Amino acid sequence: MKLKMQYIWSALVMLPLLFASCDGWESISDSKNITPLDVNVNLDIKVDNIASLSGLKLKLDDFDDGYHYFKEFDGNSVSIANVIPGIYTVSVEGLALDNEGTEYFMAGNEVNIALMESQKDIKIDIQGLKVSPLIFKELYFCGSKPPVGFGYFRDQFFEVYNNSAKTQYLDGIYFGNLAPNIATKVLPVWPKEDGIDYVYAQRVWKFPGTGKDYPLQPGESAVVAQFAVNHKLEIYNPNSPVDCSHAEFEFNMDNAKWPDQEAADMVHVFYDGKAEKGTIPQFLMSVFGPAYCLFQVPEGETYDPVNDEQMRTTDLSEPNSTTYYAKVPIRYVLDAVECVHNENMASAKRIRAVVDAGMTWVGNIYCAQGVVRKLKMDENGKPLRRKNGALIFQDTNNSTEDFERNVTPVLHRYDTGIPSWNLSYK
């Protein structure tokens with residue numbers, strides 16, 4: 001009976017506090033009454049001779065508060081009702097055909113857009129990128145944990161795959177490690193006159209060859225290693241997941257401690273405004289997640305970011321900076337992949353949506369995991385193949401959708417073809 005009276009007494013004491021709390025909650029709720037918006041999005045298509053658009057989709061993402069909206073376009077504009085005001089990433093993506101039947105990925109995006117009553121009409125510039133025959137198939141950048149010490153990053157590699165039905169040549173294809181090296185929400189400021197026409201590389205390399213020295217047949221791939229050795233050996237890191245001794249190419253930095261291997265050397269093109277490789281004898285891509293691009297200079301054009309001042313720039317957010325970055329015209333880009341720390345880094349994207357509308361990640365550094373492009377499947381869930389048996393990989397220019405994450409890295413995964421000119425397997 002005494003215990004029962006104590007409960008009753010406690011309830012009587014708490015009752016006025018409860019009503020006071022409810023009154024306070026109602027007051028706070030009223031003060032934050034939010035009126036949803038009707039948001040209008042208009043597209044400015046930056047590609048000439050587009051004959052048809054298909055499946056253009058709009059996404060509004062407020063990652064901080066968890067609001068997400070989706071809608072398809074019927075034409076060049078669309079409206080979305082009942083959008084909660086906030087800071088949004090606005091993105092559009094889809095496919096298009098030009099008058100000659102060439103297929104393009106169409107995309108555009110803007111980050112950190114404040115949607116509110118005074119700003120609910122948005123214009124998005126939409127660019128097009130031709131569907132590429134050469135793609136990044138597998139990326140391993142985070143490094144591995146050695147038996148002693150904090151981390152080991154010499155085992156980084158990426159793999160390039162011929163996803164087309166025709167022979168492709170790697171000779172003279174460029175590779176850019178895009179800026180900033182580490183994804184950050186404090187984004188660089190690039191020259192206003194560049195508009196939306198460039199990505200910016202911290203360092204540029206290209207594949208060797210005089211034109212037809214390094215063919216990739218449909219279904220073949222080539223591995224580019226930071227250091228082309230068996231990293232599982234005791235002298236390197238027995239905890240590494242990869243043996244890169246059969247890699248087709250490597251980034252040789254003329255370091256006596258990490259000497260040149262049998263793999264063909266990538267040709268160094270640009271670093272900090274110069275052709276020289278720099279004073280630090282290593283090429284380390286960010287273990288937190290780099291951004292990569294493959295690009296090709298059209299026939300009849302020259303690309304020389306060292307000697308052509310118009311093709312390099314500094315980060316204008318740092319007025320006194322003397323660090324130079326190479327401009328890469330988006331129309332040159334074959335494939336690009338944005339890698340970041342984790343899934344919460346959407347507002348830290350370095351590159352425009354037309355080259356990669358999404359992003360991918362592994363979540364931790366030195367975890368010995370990577371990302372691999374998904375296989376394209378038929379209606380029965382079986383991998384699609386070309387007539388010669390070559391696998392076809394998914395390529396929507398959206399790395400969030402196109403890549404499997406947190407996989408143990410494997411060179412030539414799925415037994416993709418090894419080029420005949422790689423003699424290390426003989």
Side-chain angles (χ1 to χ4, degrees), residues 132-144 153-163 168-178 181 201-209 213-217 219-231 236 240-255 258-271 277 282-287 289-296 328 333-339 360 370-373 393 403 409-414 416-425:
S132 174
L134 294 173
I135 58 172
F136 289 108
K137 171 178 166 274
E138 184 149 353
L139 310 170
Y140 172 55
F141 52 83
C142 73
S144 50
F153 53 76
R154 299 284 178 181
D155 50 358
Q156 293 178 324
F157 76 87
F158 65 80
E159 189 170 340
V160 178
Y161 182 79
N162 180 0
N163 206 35
Q168 304 296 322
Y169 294 91
L170 292 173
D171 305 54
I173 299 292
Y174 288 81
F175 165 77
N177 185 42
L178 301 181
N181 188 40
Q202 181 193 49
R203 194 185 291 268
V204 177
W205 303 78
K206 70 177 179 179
F207 288 86
D213 294 333
Y214 296 102
L216 280 186
Q217 303 300 327
E220 290 184 347
S221 60
V223 172
V224 184
Q226 186 195 134
F227 185 40
V229 298
N230 182 359
H231 295 276
Y236 300 118
S240 175
V242 293
D243 174 359
C244 289
S245 62
H246 296 293
E248 282 73 24
F249 301 93
E250 76 166 355
F251 296 113
N252 176 24
M253 289 294 287
D254 304 317
N255 185 338
W258 309 92
D260 191 15
Q261 300 297 310
E262 290 185 10
D265 287 349
M266 295 288 284
V267 178
H268 191 266
V269 175
F270 176 96
Y271 176 67
K277 297 176 182 178
Q282 67 182 32
F283 174 46
L284 167 64
M285 290 170 282
S286 171
V287 295
Y292 309 78
C293 79
L294 290 172
F295 64 100
Q296 184 174 31
V328 179
V333 175
L334 297 171
D335 192 29
V337 179
E338 174 104 44
C339 304
T360 193
V371 299
V372 62
R373 194 176 289 271
F393 287 84
F403 282 85
V410 176
L411 281 67
H412 295 283
R413 186 189 299 271
Y414 306 121
T416 54
I418 296 167
S420 60
W421 39 264
N422 182 345
L423 302 181
S424 69
Y425 284 94

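It should be emphasised that the depicted structure is a prediction, and the values quoted were computed from it without experimental measurement.
A centroid separation of less than 6.0 Å is found between the aromatic rings of Phe175 and Phe158.
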field: Audit row: Leu139, Met285, side-chain contact (heavy atoms from CB on, under 4.5 Å) steps and yes/no
entry: CA-CA 11 Å; Leu139 310 170; Met285 290 170 282; over 6 Å; no
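Qualifying side chain to side chain donor-acceptor pair (under 3.5 Å) partners for Asp243, counting only residues two or more places apart in sequence or in other chains: Ser245. Checked against salt bridge (charged side-chain N to carboxylate O under 4.0 Å, His left out), Glu159 has the following partners two or more places apart in sequence or in another chain: Lys137. Every residue meeting the side chain to side chain donor-acceptor pair (under 3.5 Å) condition with Gln202, not counting sequence neighbours, appears here in chain and number order: Asn177. The side chain to side chain donor-acceptor pair (under 3.5 Å) check on Ser240 picks up Asp155, with sequence neighbours excluded. Partners of Tyr161 under the side chain to side chain donor-acceptor pair (under 3.5 Å) rule, at least two apart in sequence or in another chain, do not exist in this structure.
Distance check, rounded to the nearest 0.5 Å: SG of Cys244 to CZ of Arg154 gives 13.0 Å. Put simply, OG on Ser132 and CD on Gln296 are 8.5 Å apart, with the number rounded to the nearest 0.5 Å.
Here the side chain of Asn163 pairs no donor or acceptor atom with the backbone of Ile135 at under 3.5 angstrom. The main-chain N or O of Pro208 is never found under 3.5 Å from a side-chain atom of Asp213 such that the two would form a donor-acceptor pair.
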Show me the side-chain donor-acceptor pairs of residues 258-265 shorter than 3.5 Å, one per line, residues at least two apart or across chains.
residue: Gln261; atom: NE2; partner: Pro259; partner atom: O; Å: 2.9
residue: Asp265; atom: OD2; partner: Asn252; partner atom: ND2; Å: 3.2

